[in-house]
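The sequence lines fix the lettering, A, B, ..., with proteins before strands; numbering per chain opens at 1. Just so it is clear, the structure is predicted and the values come from calculations on it, not from any experiment.
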Amino acid sequence: MKQHITGLIQAALDTLVQNGSLPKGISPSIMVENTRDKSHGDLASNIAMTLAKPARRNPREIATLITQALPASDILSKTEIAGPGFINFFITSASATKVLEDIFEQTTEFGCSTELSAEKIQVEFVSANPTGPLHVGHGRGAAYGATVADILAANGAQVSREYYVNDAGRQMDILAVSVWLRYLEQCGASFVFPANAYKGQYVYDIAEQVKAQYSDKFSFSSEQVFAELPLDEPQGGDKERYIDAVIARCRQLLGETAFQELFQVGLTAIRDDIRDDLSGFGIDYQEWFSERSLTSTGDVDKALNRLQENGNLYEKEGNIWFKSTDFGDDKDRVVKRANGATTYFASDIAYHMNKFDRGFDKVVNIWGADHHGYITRVKAAIQALGYDPQRLTVKLVQFAILYRGSERVQMSTRSGSFVTLRELRGEVGKDACRFFYVTRKADNHMDFDLELAKSQSKDNPVYYIQYAHARICSVLSKLNDSEWQLDLATGLRVLGDSTDDAEKALLNQLARYPETIKNAATNYEPHLVANYLKELASEFHTYYNSNKMLIEDAELRNARITLSTGVKQVLANGLSLLGVDAPQRM
RNA sequence: GUCUCAGUAGCUCAGCUGGAUAGAGCAGCCGCCUCCUAAGCGGCAGGUCGGAGGUUCAAUUCCUCUCUGGGACACCA
């Protein structure tokens with residue numbers, strides 16, 4: 001529709017330039033937008049005002065010239081010049097129903113585009129350390145990332161969803177040791193649990209599993225385990241130093257092979273739990289990428305070598321540094337420490353090299369806002385490796401702060417005092433969670449009020465939208481039980497002659513769905529879809545309340561139900577993109 | 001210190017990517033179920049879009065400065 005009118009305006013401009021009414025060489029970008037106020041028609045263009053200056057003429061004069069030069073079109077009922085020089089376009093009712101034909105023809109595909117069909121895009125999200133179950137803070141990144149991925153796919157992109165498993169590093173060692181100590185307790189040992197170890201219930205569960213699977217294989221006496229260790233924090237020592245000493249002791253007693261075995265049990269248990277959890281949240285990945293694999297495949301070395309060859313590395317005080325300041329970073333970054341260990345950042349560099357080498361045109365990272373400072377250095381590394389940093393898009397997600405009523409819920413993974421995503425789903429339900437998380441822009445702060453999300457009231461927008469869908473289903477089911485049948489052709493014809501404001505508003509809103517999906521994709525803003533659905537539901541509820549559907553008058557009946565059927569389809573399509581169910585009844 | 005997000009109705013937030021008279025929900029008040037789901041609808045009331053400049057025919061929207069508040073980061077994974 002917009003494109004059609006843009007084309008008409010372009011044709012008019014060409015004519016006017018040819019006959020000398022407008023100067024040559026003007027090449028304005030033609031903007032056609034939806035009007036906010038329907039007395040201004042359906043669509044409007046500001047073209048005359050943008051031309052006023054280069055053409056050195058009064059905008060209303062230009063508007064008049066353009067409307068006169070506009071080629072004939074059977075979708076326009078009239079045009080008007082209004083305000084400072086807007087050209088308002090009024091669409092004929094008959095062509096407004098075209099959107100319904102599209103909906104019925106494309107059904108679940110309606111709103112999808114092929115805009116991005118040439119692109120292979122990877123979306124990496126959540127990627128929480130596998131040291132414990134996901135908590136509500138991860139939920140937002142999960143919902144956001146999944147929805148972004150689905151919206152990109154809806155626009156034709158070939159999307160791969162990926163979870164980067166941080167299975168290397170000290171945090172994982174701490175997990176392994178935490179499991180080991182709980183296991184020792186089950187073997188009968190008694191001791192004070194380290195301040196810095198993981199204390200959650202899940203650690204007991206994994207320990208039990210280890211005990212069942214390996215019996216006494218990893219068992220040692222408390223004396224062997226705790227002999228000559230530094231003091232833990234509660235005893236006046238340092239908790240970091242203490243836990244490191246416990247890790248070292250664990251490795252020493254078990255030997256590296258057994259330690260890895262134990263480590264793997266913990267990692268696998270938690271990774272599988274996370275996978276299962278996300279799947280229950282409606283999110284499935286194509287790839288679970290192991291950080292450790294980067295070392296074993298040699299990608300880390302390969303990446304560092306490449307930087308070395310490109311002259312981006314140097315040595316200082318025994319450490320190897322990446323000269324990221326050459327690419328706009330505040331300071332250079334260590335990639336390899338004096339003891340030979342590569343840093344987390346080195347893995348990140350290798351990981352991104354690996355991503356591009358896998359052939360993705362675009363890579364989208366959904367990160368927690370605390371990773372904010374990494375963007376510059378990662379982009380720097382990408383550029384140094386010889387890739388275009390523009391191909392990486394990083395979207396930051398602010399943490400959601402959880403409230404129970406007015407009380408803030410404190411969370412810490414280490415202390416085990418957190419609300420897990422699984423608990424949240426159990427309490428609030430998948431649909432409300434998924435919707436709630438994406439109603440606000442990702443980089444905005446969000447308070448997640450449990451009570452509100454749980455409440456089955458109109459405070460809760462997800463029910464409002466689902467209810468609109470359920471209402472339509474209910475009408476259709478009643479229709480199905482009646483002697484009447486839906487006649488779409490009649491419905492479309494009658495709607496084409498309609499002058500009803502609510503009907504026109506609904507048709508207009510339906511027509512806006514495809515561009516909403518497109519905007520949501522290009523800006524990575526799923527909240528646009530959520531807002532759109534709220535508006536559509538609102539307009540439908542208004543319509544429903546003032547127009548009875550199942551009536552004797554066949555013309556009106558078919559018109560109303562035809563329109564409602566279209567609304568139902570679009571509600572279902574939109575909700576599906578957000579990972580929310582569209583229930584038949586509520 | 002650096003970065004980042006926000007400031008719009010009493011509260012929570014939209015504002016369609018610069019347009020015409022700034023919108024919802026909640027809270028308050030008044031109405032609507034002999035009728036397909038009242039988890040709904042209509043109405044009333046409520047505003048110096050934090051402030052000051054700038055760009056523009058046009059600024060809540062873009063730029064600069066400033067005030068207030070939230071958050072993150074500072075050779076660590």
Side-chain angles (χ1 to χ4, degrees), chain A residues 31 33-37 39-40 44-46 48-53 58-59 82-86 88 129 166 168-174 240 291 316-317 319 321 330-335 337 341 343-345 347-348 368-377 396 398-399 401 439-447 449 452 455-468 470-479 481-482 509 512 515-516 519-520 522-523 525 527-528 530-532 534-535 537-538 540-551 557 560-561 564 585-586:
Chain A
M31 301 267 296
E33 55 200 7
N34 296 299
T35 54
R36 295 185 180 174
D37 184 337
S39 69
H40 297 137
S45 179
N46 60 357
M49 290 180 293
T50 60
L51 283 177
K53 196 159 221 180
N58 174 320
F86 288 105
N88 294 334
N129 284 341
N166 295 111
R170 182 164 166 268
Q171 297 305 323
M172 287 305 296
D173 290 341
I174 296 178
E240 304 293 347
E291 178 187 355
K316 193 176 102 186
E317 293 158 9
N319 296 328
W321 298 70
D330 301 340
K331 53 182 100 173
D332 294 338
R333 311 288 171 177
V334 176
V335 290
R337 281 190 237 101
T343 60
Y344 182 88
F345 179 48
S347 297
D348 260 348
D370 54 337
H371 285 65
H372 169 306
Y374 295 141
I375 300 177
T376 314
R377 75 188 73 160
L396 295 178
Q398 287 287 341
F399 296 120
I401 299 168
T439 42
R440 205 133 305 159
K441 267 205 200 108
D443 55 359
N444 283 8
H445 303 97
M446 187 179 92
D447 295 337
D449 184 350
L452 184 67
S455 73
Q456 305 216 340
S457 74
K458 52 192 160 188
D459 303 0
N460 201 335
V462 66
Y463 290 111
Y464 183 79
I465 298 164
Q466 288 180 316
Y467 184 47
R471 269 184 151 173
I472 300 170
C473 290
S474 177
V475 170
L476 291 175
S477 138
K478 287 266 187 332
L479 176 77
D481 295 340
S482 74
Q509 181 74 3
R512 282 189 44 200
E515 69 194 65
T516 301
N519 282 340
T522 50
N523 299 315
E525 289 184 343
H527 77 280
L528 294 176
N531 286 343
Y532 170 88
K534 274 194 266 187
E535 283 169 25
S538 168
F540 177 74
H541 283 309
T542 300
Y543 181 61
Y544 178 91
N545 255 272
S546 50
N547 297 92
K548 195 158 159 52
M549 311 262 160
L550 299 169
I551 49 173
R557 184 180 70 235
R560 289 171 184 172
I561 298 177
S564 299
R585 65 184 67 223
M586 293 171 71

Over all strands shown, is [X] touching base, sugar-phosphate only, or nothing at heavy-atom distances under 4.0 angstrom?
X	value
A:Asn523	base
A:Ala468	nothing
A:Asn88	base
A:Asn547	base
A:Ala369	sugar-phosphate
A:Lys53	sugar-phosphate

Please pick, from [options], the nucleotide with the shortest atom-to-atom distance to any side-chain atom of [X].
X	options	result
A:His541	B:rG19, B:rC41, B:rU37	B:rC41
A:His527	B:rG15, B:rU2, B:rG40	B:rG15
A:Ala44	B:rA72, B:rC75, B:rA20	B:rA20
A:Lys441	B:rA6, B:rA38, B:rU21	B:rA6
A:Asn531	B:rC76, B:rC41, B:rG15	B:rG15
A:Lys548	B:rC36, B:rG40, B:rU21	B:rC36
A:Arg36	B:rG19, B:rA39, B:rC36	B:rG19
A:Asn545	B:rG71, B:rC73, B:rG40	B:rG40
A:Tyr467	B:rC36, B:rU17, B:rU37	B:rU37
A:Val334	B:rC75, B:rC13, B:rG19	B:rC75

[N] [atom2] sits how many Å from [X] [atom1], rounded?
X	N	atom1	atom2	value
A:Asp481	B:rC36	CG	C1'	11 Å
A:Asn46	B:rA58	CG	C1'	10 Å
A:Lys534	B:rC41	NZ	P	13 Å
A:Met49	B:rG18	CE	C1'	10 Å
A:Glu33	B:rG18	CD	P	10 Å
A:Asp370	B:rC3	CG	C1'	14 Å
A:Asp447	B:rC5	CG	C1'	13 Å

Kindly say if [X] contacts the phosphate of [N], meaning a side-chain N or O under 4.0 Å from OP1 or OP2.
X	N	value
A:Lys316	B:rC75	no
A:Asn444	B:rA14	yes
A:Arg440	B:rU12	no
A:Thr542	B:rG42	yes
A:Tyr464	B:rC41	yes

Worksheet entry | Test log, rule side-chain contact (heavy atoms from CB on, under 4.5 Å), inputs A:Met549 and A:Arg471 | CA-CA 11 Å; A:Met549 311 262 160; A:Arg471 269 184 151 173; over 6 Å; no
Item to complete: Provide the Watson-Crick or G-U wobble partner of B:rG7, both distances under 3.5 Å; none if there is no partner.
Response: B:rC67
Practice prompt. With a 3.5 angstrom cut-off on both distances, give the Watson-Crick or G-U wobble partner of B:rC49, or none if there isn't one.
Written response: none
Worksheet entry | Distance in Å, A:Asp348 CG paired with A:Glu291 CD, rounded so as to fall on 0.5 Å steps | 7.5 Å
Discussion item. Please report the interatomic distance CG(A:Asn58) to CG(A:Leu51), rounded to the nearest 0.5 Å.
Written reply: 12.5 Å
Worksheet entry | Presence of donor-acceptor pair under 3.5 Å, side chain of A:Asp443 and base of B:rA6 | no
